[in-house]
K.L.:
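Let me begin by handing over the structure; questions about it come next.
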Amino acid sequence: MALEIRDLHVAVDGKEILKGVSLNVERGSTHALMGPNGSGKSTLSYTLMGHPKYLITQGDALIDGVSLLEMTPDQRARAGLFLAMQYPVAISGVSLYSFLHAATSAVRGFGDRSARPARGRFNAHLMPMREFRKEVNGKLDLLEMDPVFLRRYLNEGFSGGEKKRAEILQMALLKPKFSVLDETDSGLDIDALRIVSKGINALQDELNMGLLVITHYQRILNYIHPDVVHIFVDGRVVKTGDAKLAEILEEQGYEWVRQELALGD
Amino acid sequence: MAERYNTTSMPSISTTTVEALSLPVGAEAAGAIADLHDEPDWMREARLDAWATYAAMEFPRKDEEAWRRTELSRYPLDDMRVVFSGTELNGIENLPPCWNYTLAPANLVSGVLVHCNGARTHATMRPEIADQGVVFADLHRALRTHGDLIRRYWMKGTTTRPDFNKFTALNAALWHGGTFIHVPAGVNIARPFQSLISYDADGGTGLHHTLVVAEAGSRVTLIQDRVSQDLRSAVNAEIVEIYAEAGARVRYISLQHWGHHRYSVSVQEAQVAQNANMVWVTGSMGGGMTKEFLRTNLNATQARSTMAGFSFPYDHQHVDQSTYQHHKAPNTYSDLLFRNVLRDRAQTVFYGMIRIETEAGGGTEGYQENNNLLLDDARARAIPGLEIIANDVRCGHGATVSRIDPEELFYLQARGLPRPDAESLIVQGFIRPIIERVPLAHMRDRLEEEIAERFWR
Ligand SMILES: Nc1ncnc2c1ncn2[C@@H]1O[C@H](COP(=O)(O)OP(=O)(O)O)[C@@H](O)[C@H]1O
Ligand SMILES: [Mg+2]
């Protein structure tokens with residue numbers, strides 16, 4: 001039961017960005033992936049989720065032994081993968097509530113519009129409204145979010161921190177087996193970081209979720225304790241260790257890693 | 001719950017007591033309609049005059065600006081027939097279920113008026129509204145009770161007049177089936193009136209005529225929908241006249257769900273008096289080809305109008321909208337927002353004009369925006385125009401054509417939504433600013449459902 005990444009090579013616009021990444025994130029475990037800007041962290045997360053821009057030239061990615069590569073992004077989501085994006089996209093005119101209702105229904109197998117009788121009541125194929133509303137309210141409480149959020153258009157005019165909270169709210173409702181959190185900490189002030197981290201930890205316990213926490217600061221790891229820390233430079237995992245590795249990195253900076261590697265060669 | 005309506009096994013409207021007449025368009029048909037409804041002499045004469053106008057006019061030519069982008073040659077102009085029922089039809093329960101479905105629950109509306117093939121088939125109005133002197137009736141009947149009133153307003157608009165084009169002349173001569181609303185001064189009707197214009201396979205040419213007169217300080221909303229089940233091509237030549245007198249507030253929601261064999265020319269005009277407010281929402285979902293002239297005349301100071309529209313043509317559907325915001329007095333305000341979504345090989349044309357006359361200078365504002373979202377090989381054309389002859393005015397106009405943003409699509413798919421659902425949600429978001437202006441959650445939900453269905457065809 002794992003999210004497995006095997007020797008993954010990825011190119012964007014003909015340029016190789018990931019140069020052989022291998023990771024094995026067991027369910028219930030937390031891996032941190034730390035690397036400088038531009039090292040390819042978001043490329044890895046988008047590739048796992050199936051963004052069409054990224055071309056896999058070699059390797060594989062599997063969820064519980066099943067390859068993701070032939071799946072569309074929505075199939076990956078329904079297979080239990082979630083990506084909290086570094087830059088969530090705004091969609092005008094679509095309220096957070098109606099989006100959450102549609103997405104939650106789709107992931108839980110309610111969403112098959114084609115299988116329901118024609119000319120039914122609006123959204124009759126979705127998860128029952130009352131049940132859904134109750135669950136949303138619970139998750140809003142967990143993340144200390146104001147219910148008025150639900151009426152706003154998806155990510156439109158959200159502050160950086162509000163977007164990140166909304167990402168975790170989605171995770172809470174979609175109940176994935178594995179989550180990739182791409183710089184969820186950026187844009188969150190210290191109070192928000194504490195609340196969101198607490199929420200993530202609670203969800204991990206509840207769902208026995210495997211977590212891949214992508215960050216370039218050690219800060220979030222004070223709240224979400226990693227079992228394994230990977231240092232990621234120039235499209236590769238260059239060093240793997242335990243939580244102490246993150247602390248050393250925080251003190252010494254990425255220059256230290258580069259020197260270490262040069263010495264090691 | 002209503003069943004999906006199946007074209008081949010459609011039950012025909014109950015016609016047990018109905019004598020259906022079918023005549024070619026012509027003076028004889030004009031006389032026959034006037035006889036049938038025992039119309040006042042002035043209307044009979046107006047019909048015959050209009051027929052003379054029709055006979056003397058040419059169909060619009062392709063080099064006329066308004067017809068440059070819509071192939072009138074595809075309209076079945078040689079095959080127009082006046083079909084009407086001699087007696088009232090049996091009632092609403094005989095309408096096919098999908099037509100019924102367009103009506104909001106009775107407790108949410110002030111009254112319902114249904115026409116099928118030019119005949120009234122169903123009419124209700126809340127007694128407490130009738131008690132206030134409000135008329136919401138079939139236009140033929142209203143001619144008997146409110147003939148002089150109707151005559152004062154009859155076809156005196158800029159576009160809603162017999163000689164505007166050959167289609168308005170045709171309607172003036174041969175209209176049958178009509179919706180009439182008269183709201184006395186100061187009467188405020190909170191719940192909308194609902195009108196349904198329908199034609200079945202025997203329907204013939206659509207020649208409905210709508211007249212709304214809202215007297216000073218009154219308030220009224222009309223939701224008017226249109227459906228047809230045509231087995232072969234048919235023309236619709238329709239007129240809507242709206243008068244918002246001083247201080248009146250009128251909302252007109254005009255929806256169109258014609259069958260794909262219906263080729264329509266709809267001429268709609270609102271006259272807005274001092275301090276009156278006219279709100280339009282127009283939605284086109286059906287029709288083979290649809291040509292609409294939508295005009296607001298702001299005739300006196302403080303007159304206001306907002307026009308909102310959406311269309312979602314697919315397959316080979318064609319929607320052509322010419323809008324006109326005409327400012328004739330200072331301190332008038334108009335804005336317009338039309339959004340189209342196009343699938344397959346559908347086409348839309350938006351030709352919008354704001355004209356501000358010299359005497360309308362001083363505090364007048366006019367705005368116009370047309371946005372188009374393309375899917376597949378569809379094509380949208382937008383031609384915004386401004387004619388400003390006045391000083392001290394504020395105007396703006398803009399048009400955009402875009403496609404679905406792949407990043408938005410990816411974001412939604414990454415949350416488990418299959419591609420058609422993701423596209424549907426983006427499209428619903430795009431049209432939301434228009435849908436929001438439709439009264440009654442029932443109507444909004446139905447439109448949203450219909451939009452969503454287009455992604456699962
Ligand atoms: N669309 C693109 N076209 C070309 N290069 C890209 C594109 N997207 C990202 N890159 C490049 O890929 C590298 C990795 O980017 P990214 O995965 O966003 O890094 P990180 O998330 O670690 O900051 C960078 O050098 C960036 O410039
Ligand atoms: Mg990144």
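Note on naming: letters A, B, ... go to the chains in the order of the sequence lines (proteins, then strands), and numbering restarts at 1 for each one.
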K.L.:
Would you compute the distance between atom OH of B:Y411 and atom CD of A:E167 and round it to the nearest 0.5 angstrom?
P.N.:
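The CD atom of A:E167 is 3.5 Å from OH of B:Y411, to the nearest 0.5 Å.
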K.L.:
Which heavy atom of A:A77 sits nearest a heavy atom of B:G416, and at what distance?
P.N.:
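For A:A77 and B:G416, the tightest heavy-atom pair comes out as CB-N, 3.4 Å.
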K.L.:
Crowded around B:R345 CZ? As in, over 12 foreign heavy atoms under 6.0 Å?
P.N.:
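Check fails, neighbour count at 12 or below.
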K.L.:
Tell me, out of B:L409, B:I426, B:L412, who's got the most heavy-atom pairs with chain A below 4.5 Å.
P.N.:
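Heavy-atom pairs under 4.5 Å are most numerous for B:L412.
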K.L.:
With a 4.5 angstrom heavy-atom cut-off, could you sort out which part of B:F430 is near chain A: side chain, backbone, both or neither?
P.N.:
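Only the backbone of B:F430 comes within 4.5 Å of chain A.
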K.L.:
Could you pull out the closest heavy-atom pair between B:A414 and A:P73, with the gap in Å?
P.N.:
N-CB, 4.1 Å
K.L.:
With respect to chain A, which residue among B:G429, B:P406, B:P433 yields the maximal number of heavy-atom pairs within a distance under 4.5 Å?
P.N.:
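Sorted descending by pairs with chain A, the first entry is B:G429.
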K.L.:
Taking all non-hydrogen atoms of both residues, which atom of A:A102 and which atom of B:L425 are closest, and how far apart?
P.N.:
CB-CD2, 4.5 Å
K.L.:
For B:R379, is the CZ atom crowded, meaning more than 12 foreign heavy atoms sit under 6.0 Å from it?
P.N.:
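No.
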K.L.:
Which answer fits A:P176, side chain, backbone, both or neither, if we ask what part of it has an atom under 4.5 Å from a heavy atom of chain B?
P.N.:
neither
K.L.:
Checking side-chain contact (heavy atoms from CB on, under 4.5 Å) against B:E408, which of A:I91, A:L154, A:V94 comes through?
P.N.:
A:I91
K.L.:
How many angstroms lie between CD in B:Q428 and CZ in A:F99, if you round to the nearest 0.5 Å?
P.N.:
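Reported to 0.5 Å precision, the distance equals 13.5 Å.
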K.L.:
Find the distance between CZ (B:R432) and OG (A:S95) and round it off to the nearest 0.5 Å.
P.N.:
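If we round to the nearest 0.5 Å, B:R432:CZ and A:S95:OG are 6.5 Å apart.
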K.L.:
Which pairs pass salt bridge (charged side-chain N to carboxylate O under 4.0 Å, His left out) with one or both residues in residues 86-102 of chain A, sequence neighbours excluded?
P.N.:
none
K.L.:
Would you mind listing every salt bridge (charged side-chain N to carboxylate O under 4.0 Å, His left out) that reaches into residues 70-86 of chain A, with sequence neighbours excluded?
P.N.:
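Sorted pair list: A:D74-A:R78.
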K.L.:
May I ask you to name which of B:Q413, B:R444, B:R415 has the most heavy-atom pairs under 4.5 Å with chain A?
P.N.:
B:R415
K.L.:
Which answer fits A:A79, side chain, backbone, both or neither, if we ask what part of it has an atom under 4.5 Å from a heavy atom of chain B?
P.N.:
neither
K.L.:
How about A:K53 and B:F410: do any of their side-chain heavy atoms sit closer than 4.5 Å?
P.N.:
no
K.L.:
With rounding to the nearest 0.5 Å, note down the distance linking OG in A:S92 to CG in B:D405.
P.N.:
12.0 Å
